[in-house]
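Report on the structure given below.
On a predicted model such as this, the values are computed, not experimentally measured, just so you know. We're numbering straight along the sequence, starting at 1.
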Amino acid sequence: MSTTAVAPLTTEDAELLVATARRAAEEAGVTVSVTVLDAGGHLLAFRRDDRAVLISGETSTRKAYTALQLNAPTADLVDAVQPGGLFHTLPTALDRPLLFIAGGVPVHRDGRLIGAVGVGGGAPEQDHGFATAAVQALA
């Protein structure tokens, strides 16, 4: 059985993700923070505009972490943490709390998970759109 190596998420990729999400947010008149994590959960890029709400930086990072850990957009996981949902107790079961609010999107290359981007600062649906636009720009 042979495995094909997949190129990891690079600093250049991360910078493109940040720039694309930021540009999409600016076009919508929204100030955001953007976090990019590699497949191991290590910070590759982070940007918080001084005009953004301070908590937006932590929010973007936790959204990226959640999307990475569960390999799914956080927008698709919101119902899973409701009482009776699949992940109802998961957000408090880990050392680093997950954040089930739209705005975190996993990044794949050749069908394999290579990282995640998280956006915080706008309405959750806006943040999801900005993160999705960033991932699409990388494809």
Pairwise distance [atom1]([X]) to [atom2]([Y]) - rounded to 0.5 angstrom:
| X | Y | atom1 | atom2 | value |
| --- | --- | --- | --- | --- |
| Leu37 | Leu68 | CG | CG | 6.0 Å |
| Leu44 | Glu12 | CG | CD | 10.0 Å |
| Thr66 | Asn71 | OG1 | CG | 12.5 Å |
| Thr74 | Tyr65 | OG1 | OH | 14.5 Å |
| Leu43 | Thr61 | CG | OG1 | 6.5 Å |

Worksheet item: In a check of side-chain contact (heavy atoms from CB on, under 4.5 Å) between Val105 and each of Asp76, Asp127, Val117, which one passes?
Response: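 Result: among Asp76, Asp127, Val117, Val117 is the only option passing the side-chain contact (heavy atoms from CB on, under 4.5 Å) with Val105.
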Discussion item. The test is side-chain contact (heavy atoms from CB on, under 4.5 Å); show your working for Ser33 and Arg47 and say whether it passes.
Written reply: CA-CA 5 Å; Ser33 293; Arg47 182 186 184 283; over 6 Å; no
Where is the tightest heavy-atom contact between [X] and [Y], given as atom of each residue plus distance?
| X | Y | result |
| --- | --- | --- |
| Ser56 | Arg48 | OG-CG, 4.1 Å |
| Gly104 | Ala67 | C-CB, 3.5 Å |
| Arg109 | Ala7 | NH1-O, 2.9 Å |
| Pro106 | Leu113 | CB-CD1, 3.6 Å |

Worksheet item: Who pairs with Asp38 by salt bridge (Lys or Arg N to Asp or Glu O under 4.0 Å), at least two apart in sequence or on another chain?
Response: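 Checked Asp38 against salt bridge (Lys or Arg N to Asp or Glu O under 4.0 Å); zero matches.
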Practice prompt. Determine, step by step, whether Phe46 and Val34 satisfy the side-chain contact (heavy atoms from CB on, under 4.5 Å) criterion, reporting the C-alpha distance in whole Å, the side-chain angles of both residues, the deciding distance to 0.1 Å, and the verdict.
Written response: CA-CA 6 Å; Phe46 174 78; Val34 183; over 6 Å; no
Worksheet entry | Pairs where residues 128-139 contributes a residue and the test salt bridge (charged side-chain N to carboxylate O under 4.0 Å, His left out) is met, not counting sequence neighbours |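 Salt bridge (charged side-chain N to carboxylate O under 4.0 Å, His left out) check on residues 128-139 returns no pairs.
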Worksheet item: Mind checking what makes side-chain hydrogen bond (donor to acceptor under 3.5 Å, both in side chains) contact with Ser60, not counting sequence neighbours?
Response: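 Listed in chain order: Thr35.
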Fill in: Partners passing side chain to side chain contact (heavy atoms under 4.5 Å, CB included) against Ala75 (at least two apart in sequence or in another chain)
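So Ala75 forms a side chain to side chain contact (heavy atoms under 4.5 Å, CB included) with Ala102, His128.
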Practice prompt. With sequence neighbours excluded, tell me which residues meet side chain to side chain contact (heavy atoms under 4.5 Å, CB included) with Ile101.
Written response: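 With neighbours one apart ignored, the set is Lys63, Leu99, Pro124.
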Just distance, no hydrogens or angles: give the donor-acceptor pairs under 3.5 Å from side chains in residues 15-25, sequence neighbours left out.
from	atom 1	to	atom 2	distance (Å)
Thr20	OG1	Leu16	O	2.8
Arg22	NE	Glu26	OE2	3.1
Arg22	NH2	Glu26	OE2	3.2

